[in-house]
2 protein chains.
Amino acid sequence: MTDVATEKPRRGRPPVSDEQRQRQRLDISRHAVRLFAEQGVAATSGEQIAQASGVSERTFWRYFPQKESCVEPLLTKMVDAFCAVVRAWPREMELIDHLREAYSPLLGAASEDIEAVLSVVRLTQEERALRAAYLMLRERAEDALAEVLGERMGRPAGDVEVRVQAAAMSAVLKVSTDDVARAASGGVTTETLEGHREQIATALRDLSRML
Amino acid sequence: MTDVATEKPRRGRPPVSDEQRQRQRLDISRHAVRLFAEQGVAATSGEQIAQASGVSERTFWRYFPQKESCVEPLLTKMVDAFCAVVRAWPREMELIDHLREAYSPLLGAASEDIEAVLSVVRLTQEERALRAAYLMLRERAEDALAEVLGERMGRPAGDVEVRVQAAAMSAVLKVSTDDVARAASGGVTTETLEGHREQIATALRDLSRML
DNA sequence: TCATTTATTGGCACCATCTGCCATTAAGCG
DNA sequence: CGCTTAATGGCAGATGGTGCCAATAAATGA
C-alpha cells in the first residue's frame with residue numbers, strides 16, 4: 001500500500017550522496033590510471049593506489065571490487081556521452097547527420113577529461129586486464145544503446161534485431177575510438193575530435209557497403 | 001645464412017606436440033566448465049579444478065594462467081569455425097549466400113562439442129568473469145577476421161575500414177550466438193542450428209537497414 | 001644398459017587480491 | 001550531549017597466481 005519511498009523518519013548519519021561517491025571514485029581512478037601508465041597494471045598494487053589516493057586499502061577495495069575497475073569512472077564518461085547523443089537522436093533525422101550536428105559540442109562539454117579518457121583507451125590496448133574491463137563496460141553501454149534504439153523502433157530492447165543494431169553501432173564506435181586514441185597519442189586537437197566524428201560517420205557508411 | 005629450421009641435431013626430451021597440449025587443455029577445460037556450471041566460478045578453486053583433472057595445481061596454473069581462461073579451448077572451437085567459413089568465402093559470392101551454403105556442414109563436423117560450447121556461452125551470460133574472458137577471445141577472433149577481410153579487400157588488416165567491417169560482423173555473430181545459446185538451453189536440435197544460420201543471415205541484412 | 005640432455009611436472013615459499021568481521025569514527029537529529 | 005546510522009580502517013584469512021628448484025620423463029648416443 002505505502003509508496004516506495006514513503007515513511008522515512010530518517011535518523012542517524014545519512015548515506016553519502018551518489019555524486020559524492022562518484023567523485024571519490026573518479027578521484028581514486030585518476031591516481032590509479034596514472035600509476036598504471038607509469039609502471040603497468042601488474043606492478044601496481046592495490047595498496048599503492050590506496051596510499052596515493054589517501055584512503056585505506058580496505059576502503060579502496062570497497063570502491064573498486066577489482067583493481068582493473070579503476071578505469072571505469074573515466075571510461076564511462078565517454079560511453080555515457082555517446083549514449084546521450086544517441087538518446088537525443090530525433091526520429092526524422094539520419095543518424096549520420098545527427099552525429100555531425102550533436103557530437104562535437106558534447107565533446108566540448110566533457111573536454112576537461114578527454115585527454116585522460118583517451119590515454120586510458122590507449123592503455124587498454126596494451127594491458128590485457130584493462131582491455132577486459134573496457135570490453136565489459138562497452139557491453140553495458142550496448143545495453144543502454146539497445147534501450148534507446150528499441151524505443152525508437154517500437155520494439156523491446158531484448159529483440160534480436162535491436163540488439164544487432166546496437167552491437168554493430170557499438171562495434172563501430174569501438175574501432176573508431178581505438179583508432180583516434182592511437183592517433184591522438186601526441187596531444188588532442190580540435191582536429192582530432194572532428195576526425196573522430198567523421199570517422200564514425202564514414203564507418204557507418206562503410207557498414208552498408210558490406211552487406 | 002642458415003635456414004630457419006636447419007641444423008637441429010635435437011637431443012633430450014622433445015617438447016610435447018601442439019595438438020597434444022591443446023588436447024590436454026581441452027580436457028582440463030571440460031572439468032573446469034562443469035564445476036563452474038555446478039557451483040559458480042567464484043566458488044570453484046584452482047585446486048579443485050586441478051584435482052578433478054588429475055594434475056597438480058602448479059601445472060594447472062601453467063596450462064591456464066588465469067582460471068577464467070578455462071573457457072577458451074571450448075569457445076575457440078566456435079570462433080575458429082566461423083573464421084574458417086569466412087576464410088572460404090569466394091570473392092564473387094554474396095556473404096549471406098556463402099553462409100547458407102557453407103555454415104551448416106561445418107557445424108555438423110564440430111557437432112560433437114556443440115552442446116558443450118553453447119552451454120559455455122550461456123555460462124558467460126551469467127558469470128561476469130567468464131564474460132570478460134569471452135569478450136577478449138572474441139576480440140582476438142576479430143583480428144583474425146580482419147586479416148581475412150583485409151586480404152579480400154586488398155587492404156592491410158589494420159585499415160580502419162577493414163576493422164570496422166570485422167568488428168561489425170563479429171558483433172552480429174556475438175548477438176546471434178548469445179541468442180541461440182539462450183534458445184537452446186533445453187537441448188540442441190538441427191532446427192536450432194539452422195535457426196542460428198538464418199539469424200546471422202537476417203542480422204546481416206538488418207545491419208544494412210540501419211545505415 | 002647407462003649416461004647425457006632437455007622438457008615437463010610437482011612441491012614449496014611467497015606476494016597480491018579480495019572478503020568478512022569488528023571496533024572506531026563521522027555525521028546527522030532531538 | 002546522547003542516540004542512531006553510515007563510512008572507515010585494521011586485521012585475519014582464503015584464494016589467485018608466480019618463481020624457483022628438485023624430481024621425473026623421454027629422447028639420443030656410447
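Sequence lines set the chain letters: A, B, ... in the order given, protein chains first and strands last, and positions in each chain run from 1. Atoms considered below: every heavy atom in the structure, side chains included; atoms not considered: hydrogens, waters and symmetry mates.
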Fill in the blank from the handout: Sequence neighbours excluded, the answer for ring-ring contact (aromatic ring centres under 6.0 Å, His included) partners of Tyr63(A) is none
4.5 Å side-chain heavy-atom contact, [X] and [Y]:
X	Y	value
Phe60(A)	Cys70(A)	yes
Met169(B)	Leu173(B)	no
Leu145(A)	Gln165(A)	no
Pro73(A)	Phe64(A)	yes
Glu72(A)	Tyr134(A)	no

Distance in angstrom units between [X] [atom1] and [N] [atom2], rounded:
X	N	atom1	atom2	result
Lys67(B)	dA14(D)	NZ	C1'	11 Å
Trp61(A)	dG10(D)	CH2	P	16 Å
Arg58(B)	dG17(D)	CZ	C1'	8 Å

Practice task
Output yes when Asp143(A) and Arg163(A) qualify as a salt bridge under the 4.0 Å nitrogen-oxygen rule, no when they do not.
Solution key: yes
Handout entry: Charged N-O contact under 4.0 Å between Asp178(B) and Arg131(B)
Key = yes
Practice task
Quick one, give me the B/S/- string for nucleotides 21-30 of chain D, reading 5' to 3', where B means a protein heavy atom under 4.0 Å from the base and S means that only happens at the primed atoms, P, OP1 or OP2.
Solution key: ----BBBS--
Completion exercise
Sequence neighbours excluded, the answer for salt bridge (charged side-chain N to carboxylate O under 4.0 Å, His left out) partners of Glu198(A) is Arg100(A)
Problem - Partner residues of Arg155(B) under the salt bridge (charged side-chain N to carboxylate O under 4.0 Å, His left out) criterion, sequence neighbours left out - result: Asp159(B), Glu161(B)
Problem - Members of residues 21-57 of chain B that approach DNA chain D, where some heavy atom sits under 4.0 Å away - result: Thr44(B), Ser45(B), Gly46(B)
Handout entry: dT8(D) OP1/OP2 closer than 4.0 Å to side-chain N/O of Tyr63(A)
Key =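 Result: yes.
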Problem - 5' to 3' contact window, DNA chain C with chain A (heavy-atom distance under 4.0 Å) - result: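 Terminal contacting nucleotides, 5' to 3': dT17(C) to dG28(C).
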